[in-house]
Amino acid sequence: MSKQYVNVIVDIVHTAVDRVFQYEVPEELLGKLSLGMKIRIPFGRGNTVRDGYIIGFTEKPDYDPEKIKQVQTVEEDAMPIEGQLIRLAAWMKEHYGSTMIQALKTVLPMKKKMKPVQKKYLVRTVSQEACGELLAVYRKKKQKARVRFLEALMEDEVLPYEVVTQRLRVSPASFRPFLEQGICRLDTEESYRNPVRGLLKKEQTFLLNEEQRAAVSGMTASWDGKKETCLLHGITGSGKTEVYMELIRHVIKNGRQAIVLIPEIALTYQTVMRFYRQFGERVSIVNSRLSAGEKSDQFERARTGRIDIMIGPRSALFTPFPNLGLIIIDEEHETAYKSETVPKYHAIETAIERCRMADAMVVLGSATPSASSYYKAQNGEYLLFQMRSRAKEESVLPSVEIVDLREELKAGNRTIFSRRLKELLKETLERKEQALLFLNRRGYAGFISCRSCGEAVKCPHCDVSLTQHWDGKLKCHYCGYETEIPKFCPSCGSRYIAGFGTGTQKVEAMVSSMFPEARILRMDTDTTKGKGGHDAVLAAFADGKADILVGTQMIVKGHDFPNVTLVGILAADLSLHSGGYEAGERTFQLLTQAAGRAGRDKLPGQVVIQSYAPSHYSVEAAASQDYESFYWHEILYRRLLHYPPVYRMMSLLFTSKEETAAERMAGKVKEMAGEFEGPLKAGTEEAEGQRHDAVEIIGPAKAAVSRINDSYRYVLYAKCEEEQPLLALKEKIEQMEWDRNVLYQFDME
DNA sequence: AGCACGCCGACT
DNA sequence: GTCGGCGTGCTC
């Protein structure tokens, strides 16, 4: 038998050694090593014994076998948590296509910052005079490094370790004698920066209604037993958070910890405070505003058992709790749970895998579950819990009406405000209540187009229109290209060329001309620039400093405005005709959320949905607040067209500076994939009639944005009812001989 | 990070 | 010549 080797990452906190090293497995350890295991290895010239983690196995090393050393021993009583996270990284690499290093960096992002947690200081233990005498001695000896060090030490009693080694360039070898002579000592300070220090826990009990109690007892039973993934479908205001908290209480009582994932945009002060009030100092929070050091402090607190609950966005999924018992994913339908960078993992699937490893449970919650999750609940893969009434009994559901914009046009109304919406706005203002105007549109910045030929001004490096910024320049959102607004149309030479302004700006201008006395706030990227801009606008509106708030998606996510009684959705179908097969789902979710903003307290709410396609099921179902109806339409469409969740879909993106190379490589992959189109396990009884494992290849075709930064982009899709054949295909592609001018990326849905 | 190697100035 | 500190580079 040939020799066995392991790929190892060495547990040294430094970028210079932040890579894979290979070691030989000695005979006595053959078969005893596994992924993620902590081992002892000789490292460096002096063969100092260090810790390392196994991240892979191989029989043929990529390094001169002569120089490869042997694994020494297995670290028996290592904390299993790192091993578990490393195994999770391996799973992510398999499923989402990335290198092991990329996956590890996603899962163990705090590795580099572990040291700053234990900040080290060099502290002078003798008087300033004594230090000065010593300094004179070393000056005479002309030992420059030691002189530099003593000078600094005389000046300041305490010196941070990094300052000494990096800024002063005094190596440990140079100051070690001083430590031994007792001139100074090495102190470590564990200063945990708790961002919520000082909040006192106020034990709060809440009365659960019948639906909430049913959900809690069902989930608790699942947790005590098989720990099946649960989906909590509860309408806005049904009190999902109380259910989560009851379940968390149960989990903590059993000595386990919980992670609560929340989309970054909904991670508001209010939400977080509710958890603090309930669980006090045992709660921690991470978000993107936290510095890397603070974040790793919080992860360290989790690892050492000082907290029980971690709240945060997608990345909080990798909190190193030693005894994880529960992962809650709130607003599980949010796109923010899908990573945009390699590995392009999905938080739900990854959470389920992590919980499988840790014998923990996943709870998904949403007012508008993703079609994918609801499908799995329907198939019995998840347990489903429904909450159909609002927790506060006095608050009532808003009344919703649809206005057909085509009728408005026929009646001679060319504005984007229907007569009905105008009328209701007027009434709302008269009652001194507030209104939200929601523009359901992705690209908020306007583009410039020619009135004569209709051509939009495009980026010379990408296949997209340039957008106008507030500074008057034209910019490309993909590559950053910037230019002045041209005087003549680049394609036909006409001088009738103009911008349309941003959608929200236009709406704001129109409202103020209709109601000159109304106070209007606009919320888009322009008005929320700078830190806290976001919250500042929302707070101002909540305080009643304005009557009308105009904005995009941002205004409908997780904010309560008790005085809002009117919500106007200006063009419901704007999101219906873009964004691939999920457009219908996105539209339904946005409309439902927007409608849910109306009349959340005792005041009755009114919602107006304006649409050019009022009979589309996404619009109709949102208007009647009927999730089921939406779902059955949507799943029918997905089944017919072989889209997820009925089928698994793998998309491949080929990018190259040479258009032909990208297209050719995509074609080559399609050709190779042809062999997967037949049944893989031919002859099995199951294959009779239905080929669950047949792979369907679509493309290659130009990507939606066919060129970015002068790179051409082609896509190829592979669909299959089973996941396994797709993973097999992915493996085959990874082993293909590749044109070095072409890059590729996987995406699994 | 931490260790050894090799350069370079100081001193028997 | 040789001793020893200091900067540089490498670590499977």
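Here the structure is a predicted model, which is why all the values come from computation and not from measurement. Within every chain, numbering begins at 1; the chains are lettered A, B, ... in the order of the sequence lines, protein sequences first and strands thereafter.
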Query raised in the report: Taking the side chain of A/Arg50 as heavy atoms from C-beta outward, which of C/dT11, C/dC12, B/dG2 is closest to it?
Result: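 Shortest atom-to-atom distance from the side chain points to B/dG2.
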
Query raised in the report: From the list C/dG7, C/dC12, B/dA10, which nucleotide is the closest neighbour of the side chain of A/Ala145?
Result: C/dG7

Query raised in the report: According to the 5.5 Å centroid and 30° plane-angle thresholds, does A/Tyr63 stack upon the nucleobase of C/dC12?
Result: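 Per 5.5 Å and 30° rule: yes, stacked.
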
Report task. Before giving the answer on salt bridge (Lys or Arg N to Asp or Glu O under 4.0 Å), spell out for A/Glu82 and A/Arg303 the whole-Å C-alpha distance, their side-chain angles and the decisive distance to 0.1 Å. Result -> CA-CA 10 Å; A/Glu82 267 83 11; A/Arg303 217 173 63 82; 3.7 Å; yes

Expressed in angstrom and rounded to an integer, what is the separation of [X] atom [atom1] from [N] atom [atom2]?
X        : N      : atom1 : atom2 : result
A/Phe21  : C/dC10 : CZ    : P     : 12 Å
A/Arg45  : B/dC3  : CZ    : C1'   : 8 Å
A/Phe43  : C/dC10 : CZ    : C1'   : 8 Å
A/Lys140 : B/dC11 : NZ    : C1'   : 14 Å
A/Asp62  : C/dT11 : CG    : C1'   : 16 Å
A/Ile39  : C/dC12 : CD1   : P     : 13 Å
A/Phe175 : C/dC6  : CZ    : P     : 12 Å
A/Lys144 : B/dA10 : NZ    : C1'   : 13 Å

Report task. Would you please confirm or rule out a distance under 4.0 Å between OP1 or OP2 of C/dG7 and any side-chain N or O of A/Arg148? Result ->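 Yes.
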
Query raised in the report: Within less than 4.0 Å of OP1 or OP2 of C/dG5, is there a side-chain N or O belonging to A/Ser174?
Result: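 For C/dG5, OP1/OP2 do not have a side-chain N/O of A/Ser174 under 4.0 Å.
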
Tell me what [X] touches on the nucleic acid: a base, only sugar-phosphate, or nothing, going by heavy atoms under 4.0 Å.
X        : answer
A/Lys141 : nothing
A/Gln143 : sugar-phosphate
A/Tyr23  : sugar-phosphate
A/Arg146 : sugar-phosphate

Query raised in the report: In chain order, what residues pass the ring-ring contact (aromatic ring centres under 6.0 Å, His included) check against A/Tyr96, with sequence neighbours excluded?
Result: A/Trp91

Report task. Compare all side-chain heavy atoms of A/Tyr276 with those of A/Ile285 and state whether any distance is below 4.5 angstrom. Result -> yes

Query raised in the report: According to the interplanar angle, ranging from 0 to 90°, do the rings of A/Tyr481 and A/His461 count as parallel (below 30°), tilted (30 to 60°) or perpendicular (above 60°)?
Result: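 A/Tyr481 and A/His461: perpendicular rings.
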
**Report entry** Distance-only donor-acceptor check, side chains A/Asp308 and A/Gln257, under 3.5 Å
**Finding:**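 On atom types as modelled, these side chains do not qualify, holding no pair under 3.5 Å.
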
